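Only a predicted model underlies this, so the values are computations on that prediction, with no experimental measurement involved.
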Amino acid sequence: MAFVMSAPLSGAAILAERGKSRYRIVVADNAVPSERYAAEELQRYLERLSGAKLPIVSDAESIQSREILLGDNAHLRKLKPDIDFNRLGTDGFTLRTDGNRLIIAGGRPRGTLYGVYALLEDKLGVRWFTPEFEVVPKLPRVSLPRLNETQIPMLEYREVYWTEMMRDADFAARHRLNGNHYRLTEKHGGRAAVYFPFVHSLDMLVPRGLYQEHPEYFPLIDGKRKDGYVQRCLSNPDVLRIAKGRVRQWLEEHPEATIISVSQNDTFNYCQCDQCKALDDTEGSPAASLLRFVNAIAEDVERDYPNVRIDTLAYQYTRKPPKTIRPRRNVIVRLCSIECCFAHPLERCSSPEDQRFRDDIIAWQPVASLLYVWDYTPNFANYQQPFPNFDALQPNVQFFVQHGVKGLFEQGNYSSGGFGEMGPLRAYVLAKLLWNPQTDAQKHIDEFLNAYYGKAGNNVRAYLELLHRPAREKGYHAHIYDPPTAPYLNDEIINGAEKLFDEAERLADDDATRFRVRVARLPIWYVQLATNRVTGDARTSLLNRFLSVARKAGITSISESRSLEDWAKRMGAE
């Protein structure tokens, strides 16, 4: 499905003027919680925009001439608006004016709520930049052009796994994100995907403790059954029997789960016994033995749990699809782009890693009806290191959608403290792209920079341009474990960034904005410290400044595996 955007009609509807309004908000008497919450959110923000607090009423009341109709209600049905709610699915909505009435009607459970947020954001100028920083303009008149548009997201599952998006469920819902890790409740319409477990589930399916009595359950590698963090022998019928039983146990214990992960551990160490190897060799990929195993579990589950899906990975050694084995209709295949260069768009990057990933996703498209992607958006070895990937964000999302992807998980810095390199901006832009891959990403970037950094926004924009120049002009690639000595972080870039940030701090409107600039500057200081570009007393001073800002911001992790305080000790901080 895709966006269907119609041009505004002539004329305008005035919802409020000079703190007064003749409108009221109408919801169905049997509205679902998210529709009632949509009414409350609309009421709350219209009051902040105009000073007018519109009443919320039930559709059991008689119809009036000036109403905002939310969801499928009796007043809406009397207008016979020809809205196909089945087509809208769970998240789509229609914005329409009919005389003096405004219609915000969406599919259940989330569509109407998302329609309210789209109205507030796209038509009335509300912006939710971070959980702590939003912009609500004060309007002497709240007016709308005549509307007739429908938005249906191309992605059924949208998850930006950055701390900035996970701190606040209201914030995630306002960005129309519906993923597994948000604390979305009934008032938000819940989550589109509820995983159990989330990924790398073989140790939970067939526990390591079984090795002593049953080494045959574990992979044969170089002629010996291996223990530890390894895969399993997926051709062993007892392994399948145990896994089926465990999946059924999970479904009983977690009735909220809509997706069960049956996915390889985060390691190679896969089985090369005669049975596994013969199938994999015949099918041309180790994905064959995994997918046969997953399909058998999916078939068993489908009989009693027809609405549950089984999720597995096409990751590292399993990323290439098998020649003939096909995932069942209730199996999600989730490709992972971990090896790729992220400085350039996948579709045209010259790196062999990107070429292989392109080939694999194109090969999976015609055989997997439920294709998801696990994508990567920071430097995981160095959360505070500049990562020049903004040029690739939108083209990559578009590439995924063009090749049949239905769900996107954008992994970022998910540490409790957040604030990875340009984390607030990156999370914001990714949310916009997952809802509408064709959106004007540069407009969103500019709006964020101008609002979040004020008068210093142009300097931060110039820093981002400077950072991306080596990848654009010299073709340097960027990977998610690059060290601080990466060639795109040369002296020219670091020294130029220092000058830009010096000026940005001077231009900052106030202390709060100046602190945001300093947080954005931390990656430049991090590279200087990690590469010994400064020594002696200057190094000590810079380290103390870095830690002072980082601690004040609440940063907890310097990488996926190292805390800020452990790193500080290693760097010699007192």
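- Using a 3.5 Å distance cut-off with no hydrogens or angles, the side chains of D266 and Y315 do pair a donor with an acceptor.
- F357 and F399 have their aromatic ring centers separated by at least 6.0 angstrom.
- A search for side-chain contact (heavy atoms from CB on, under 4.5 Å) contacts involving A192 returns R110, N178, not counting sequence neighbours.
- The ring-ring contact (aromatic ring centres under 6.0 Å, His included) check on H479 picks up nothing, with sequence neighbours excluded.
- No side-chain donor-acceptor contact under 3.5 Å links T267 and Q231.
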| request: Quick one: do D170 and K187 satisfy salt bridge (Lys or Arg N to Asp or Glu O under 4.0 Å)? Show the steps, please. | output: CA-CA 9 Å; D170 288 347; K187 75 174 187 178; 3.6 Å; yes
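- Judged as a side chain to side chain donor-acceptor pair (under 3.5 Å), and not counting sequence neighbours, the contacts of H444 are T439.
- Looking only at distances, a side-chain donor or acceptor of R158 sits under 3.5 Å from a matching main-chain atom of R176.
- Residues passing the ring-ring contact (aromatic ring centres under 6.0 Å, His included) test with F218 are Y211, sequence neighbours excluded.
- Between W250 and F196, the ring planes are perpendicular. Angles over 60° get that label, and only those under 30° would be called parallel.
- Note: Y114 and W435 have perpendicular aromatic rings, judged against thresholds of 30 and 60 degrees for the angle between ring planes.
- Scored by the salt bridge (Lys or Arg N to Asp or Glu O under 4.0 Å) test, D203 finds R208, R232 as partners (sequence neighbours excluded).
- Q398 places a side-chain N or O within 3.5 Å of a backbone atom of P437 that can act as its donor or acceptor partner.
- In this structure, a donor-acceptor pair under 3.5 Å is present between the side chains of E253 and Q249.
- Side-chain atoms of Y488 and D482 include a donor-acceptor pair closer than 3.5 Å.
- Surrounding CD of Q355 are more than 12 heavy atoms belonging to other residues, nucleotides or ligands, all under 6.0 Å away.
- Using a cut-off of 4.0 Å between Lys/Arg side-chain N and Asp/Glu carboxylate O, E339 and R319 are scored as salt-bridged.
- For R309 and E156, the salt-bridge test passes: some basic side-chain N is under 4.0 Å from an acidic carboxylate O.
- Between W567 and Y526, the distance separating the two ring centers is shorter than 6.0 angstrom.
- In this structure, Y161 and H181 have tilted ring planes: the angle between them lies in the 30° to 60° band.
- Between F387 and F342, the ring planes lie tilted relative to each other; the angle falls in the 30° to 60° range.
- Between the side chains of Y195 and D311, at least one donor N or O sits under 3.5 Å from an acceptor N or O.
- Take A520 and apply the side-chain contact (heavy atoms from CB on, under 4.5 Å) test, not counting sequence neighbours, and it matches M422, Y453, F501.
- The closest side-chain donor-acceptor pair between N413 and R426, if any, does not fall under 3.5 angstrom.
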